[in-house]
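This chain uses plain numbering: 1 for the first residue, then up along the sequence. Basis for what follows: all heavy atoms, side chains included, without hydrogens, waters or symmetry-related copies.
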Amino acid sequence: ASVSSAADPKTSEVTADGLAEKMVEATTFQDEVIAISAEIVPNYYTIPDSVKEYAVYMCPTGATVEEISVFRTSDAAAVEKMIQTHLEARTAEYESYRPDEVKKLDGAKVVKSGDFVAVIIADDTAAAEAAFEAELGA
């Protein structure tokens with residue numbers, strides 16, 4: 001057994017990408033959800049400087065609003081505000097385009113633990129939420 005320092009060793013091994021992948025694997029989506037490249041992410045999010053790393057998984061065709069995004073940050077409030085802005089923009093975009101998708105945005109779940117904040121947009125957010133908590137020992 002190792003002596004645990006002030007920083008939880010479990011969280012220090014977790015990466016935004018690894019965490020997002022586990023959450024994506026746990027979730028049943030209606031359409032494919034893939035990792036969005038860093039060049040494309042600014043089309044959806046204005047990432048604040050407080051974010052150290054992130055992973056954004058979305059439907060590449062835009063057929064659904066399904067998404068799992070994980071942000072590692074020193075300022076959870078700024079990230080939550082950014083997610084809120086994103087959800088409002090997506091809602092405005094899909095209201096006329098695919099109104100049936102808006103209920104997923106309304107039911108979007110924002111979860112946080114330690115320096116991680118994640119947003120889950122899917123029919124069923126519970127599995128991704130459980131994966132998030134299991135990974136971070138929340």
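Atom-to-atom distance recorded for Asn43:CG and Met58:CE is 9.5 Å, nearest 0.5 angstrom. Considering CZ of Phe132 and NZ of Lys109, their distance stands at 11.5 Å, rounded to 0.5 Å. Going from atom CD1 of Ile47 over to atom CD of Glu53 covers 11.5 Å, rounded to the nearest 0.5 Å. Once rounded to the nearest 0.5 Å, the distance linking CD1 of Ile121 with OG1 of Thr64 reads 9.5 Å. Glu88 CD to Leu105 CG: the interatomic distance, rounded to the nearest 0.5 Å, is 11.0 Å.
By the side chain to side chain contact (heavy atoms under 4.5 Å, CB included) test, Asp17 is found to be paired with Thr15, Glu21, Ala55, Tyr57, residues two or more places apart in sequence or in another chain being considered. Considering only residues two or more places apart in sequence or on other chains, Glu101 meets the side-chain hydrogen bond (donor to acceptor under 3.5 Å, both in side chains) condition with Lys104. Partners of Ala126 under the side chain to side chain contact (heavy atoms under 4.5 Å, CB included) rule, at least two apart in sequence or in another chain, are Asp124. Not a single side chain to side chain contact (heavy atoms under 4.5 Å, CB included) links Ser96 to another residue, sequence neighbours left out.
A 4.5 Å side-chain heavy-atom check between Val56 and Tyr44 finds every atom pair outside the cut-off. At a threshold of 4.5 Å between non-hydrogen side-chain atoms, the residues Ser113 and Glu133 do not count as touching. In this structure, Val119 and Ile68 have side chains that are not in contact, with every pair of non-hydrogen atoms separated by 4.5 Å or more.
Side-chain heavy-atom separations under 4.5 angstrom define the hydrophobic clusters, and Ile34 shares its cluster with no other residue.
Both Val41 and Val65 belong to a common hydrophobic cluster when Ile, Leu, Val, Met, Phe, Trp and Tyr are linked at side-chain heavy-atom distances under 4.5 angstrom. The cluster map of Ile, Leu, Val, Met, Phe, Trp and Tyr, joined by side-chain heavy atoms under 4.5 Å apart, puts Phe116 and Ile83 in different clusters. No single ILVMFWY cluster, assembled from side-chain heavy atoms under 4.5 Å apart, contains both Met23 and Val110.
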Review item, side-chain donor-acceptor pairs of residues 75-82, under 3.5 Å, at least two apart:
from: Asp75; atom 1: OD1; to: Ala77; atom 2: N; distance (Å): 3.4
from: Asp75; atom 1: OD1; to: Ala78; atom 2: N; distance (Å): 3.1
from: Glu80; atom 1: OE2; to: Lys112; atom 2: NZ; distance (Å): 2.8

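For Thr61 (side chain) and Ala63 (main-chain N/O), a donor-acceptor pair under 3.5 Å exists by modelled atom type. Ser50 contributes no side-chain N or O that, together with a main-chain N or O of Thr73, makes up a donor-acceptor pair within less than 3.5 Å. Of the possible polar contacts, one joining the Glu66 side chain to the Asp31 backbone as a donor-acceptor pair under 3.5 Å is found. With hydrogens and angles ignored, the 3.5 Å screen pairs no side-chain donor or acceptor of Arg72 with any backbone N or O of Val117.
Taking all atoms of both residues into account, the shortest heavy-atom contact from Ala38 to Pro42 is O-CD, 3.1 Å.
More than 12 heavy atoms of other residues, nucleotides or ligands lie within 6.0 Å of CG in Asp100, so this atom counts as buried by the packing criterion.
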- Output, in order, the C-alpha distance, side-chain angles, deciding distance and verdict of side chain to side chain contact (heavy atoms under 4.5 Å, CB included) for Phe29 and Cys59. CA-CA 9 Å; Phe29 295 104; Cys59 173; over 6 Å; no

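With Ile120 as the partner, the side-chain contact (heavy atoms from CB on, under 4.5 Å) test is satisfied by one option alone out of Val111, Val70, Val24: Val111.
Ring-centre distance between Tyr54 and Tyr45: not below the 6.0 Å cut-off.
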